[in-house]
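Take a look at the structure below.
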Amino acid sequence: MTSATPTPQDKQAVRDAGTAYAQKEIARVFENSSIEDRSAAFPKFARDELGLGKLLGKGGFGAVYEVNKFNAASATGRTASSRSLMDAGDAQVEEGEMESRAFIAEHCLRNNSDCRYAVKL
């Protein structure tokens with residue numbers, strides 16, 4: 001008996017189903033939590049807006065890289081569908097978010113040139 005090799009569409013469908021399941025489970029678990037979700041208060045960057053540095057670590061859930069550069073200006077006027085790390089409900093980059101994005105981009109590196117931020121992909 002031979003097993004069929006999954007197509008890229010099959011793999012994407014499994015990822016999408018897993019993401020939807022995880023989002024529902026997180027919402028269910030934290031529904032009555034006293035911990036406030038403040039993630040919407042932080043600016044979001046698309047993958048193509050990040051300059052990745054060295055690999056810090058990797059495992060079964062992804063890899064963590066240093067972020068050594070942000071291209072904060074490139075998001076002006078971009079829609080949520082073209083920004084992979086942004087919330088799907090955000091139609092445009094909000095007005096106040098641009099200042100936060102610019103601040104993060106300017107302070108990406110510490111005085112000794114060490115990276116201040118990391119991202120898990």
Side-chain angles (χ1 to χ4, degrees):
M1 183 172 191
T2 63
S3 66
T5 303
T7 66
Q9 294 83 6
D10 293 338
K11 291 178 181 180
Q12 186 61 45
V14 169
R15 282 192 292 271
D16 292 344
T19 299
Y21 173 78
Q23 289 171 338
K24 286 178 189 175
E25 278 298 296
I26 289 169
R28 183 186 64 76
V29 168
F30 289 101
E31 180 175 48
N32 297 317
S33 175
S34 62
I35 300 171
E36 181 181 350
D37 179 7
R38 297 182 51 200
S39 62
F42 298 102
K44 311 221 177 7
F45 291 86
R47 167 64 185 91
D48 62 341
E49 295 174 315
L50 304 176
L52 300 182
K54 70 178 181 179
L55 175 68
L56 300 175
K58 65 181 178 177
F61 293 104
V64 178
Y65 293 89
E66 290 181 333
V67 178
N68 58 19
K69 181 178 80 170
F70 288 98
N71 185 7
S74 69
T76 306
R78 295 176 70 184
T79 61
S81 62
S82 67
R83 296 180 291 159
S84 61
L85 295 180
M86 305 218 30
D87 293 336
D90 297 338
Q92 296 287 333
V93 174
E94 301 206 10
E95 187 176 319
E97 185 178 357
M98 287 308 295
E99 290 83 19
S100 297
R101 292 166 56 84
F103 179 86
I104 289 172
E106 289 174 24
H107 296 89
C108 180
L109 299 177
R110 294 188 169 104
N111 291 339
N112 63 357
S113 298
D114 284 341
C115 295
R116 188 179 301 263
Y117 303 106
V119 64
K120 179 179 82 79
L121 302 176

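All residue numbers refer to positions in the sequence shown, counting from 1.
- Under the side-chain contact (heavy atoms from CB on, under 4.5 Å) criterion, Lys58 pairs with Leu55, Ala63, not counting sequence neighbours.
- With sequence neighbours excluded, no residue satisfies side-chain hydrogen bond (donor to acceptor under 3.5 Å, both in side chains) with Glu106.
- Taking the side-chain contact (heavy atoms from CB on, under 4.5 Å) definition, one finds that Val14 meets it with nothing, sequence neighbours left out.
- Side-chain heavy-atom separations under 4.5 angstrom define the hydrophobic clusters, and the remaining members of the one that includes Val64 are Leu56.
- Partners of Ile35 according to the side-chain contact (heavy atoms from CB on, under 4.5 Å) rule, which considers only residues two or more places apart in sequence or in another chain, are Ser33.
- A search for side-chain contact (heavy atoms from CB on, under 4.5 Å) contacts involving Ser34 returns nothing, not counting sequence neighbours.
- Within the model, atoms CD of Glu66 and CG of Leu50 stand 13.0 Å from one another, a figure rounded to the nearest 0.5 Å.
- To the nearest 0.5 Å, the span separating CG on Asp114 from CG on Asn68 amounts to 11.5 Å.
- A donor-acceptor contact closer than 3.5 angstrom is absent between the side chains of Thr19 and Asp16.
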Solution key, residues 23-31 side-chain donor-acceptor pairs under 3.5 Å, sequence neighbours excluded:
| from | atom 1 | to | atom 2 | distance (Å) |
| --- | --- | --- | --- | --- |
| Glu25 | OE1 | Arg28 | NH2 | 2.8 |
| Glu25 | OE2 | Arg28 | NE | 3.3 |

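- Taking the side chain as every heavy atom from C-beta outward, Arg116 and Cys108 never approach each other to under 4.5 Å.
- Remark: Arg101 is positioned above the aromatic ring of Phe45, its terminal NZ or CZ atom under 6.0 angstrom from the ring centre and at most 45 degrees off the axis.
- When each of Leu52, Leu109, Val67 is paired with Cys115, the side chain to side chain contact (heavy atoms under 4.5 Å, CB included) condition holds for Leu109 and for no other.
- Every residue two or more places apart in sequence or in another chain that forms a side-chain hydrogen bond (donor to acceptor under 3.5 Å, both in side chains) with Arg15 is listed here: Gln12.
- Judged as a side-chain hydrogen bond (donor to acceptor under 3.5 Å, both in side chains), and not counting sequence neighbours, Asn32 has no contacts.
- In this structure, Phe70 CZ and Glu49 CD are separated by 9.5 Å, a value rounded to the nearest 0.5 Å.
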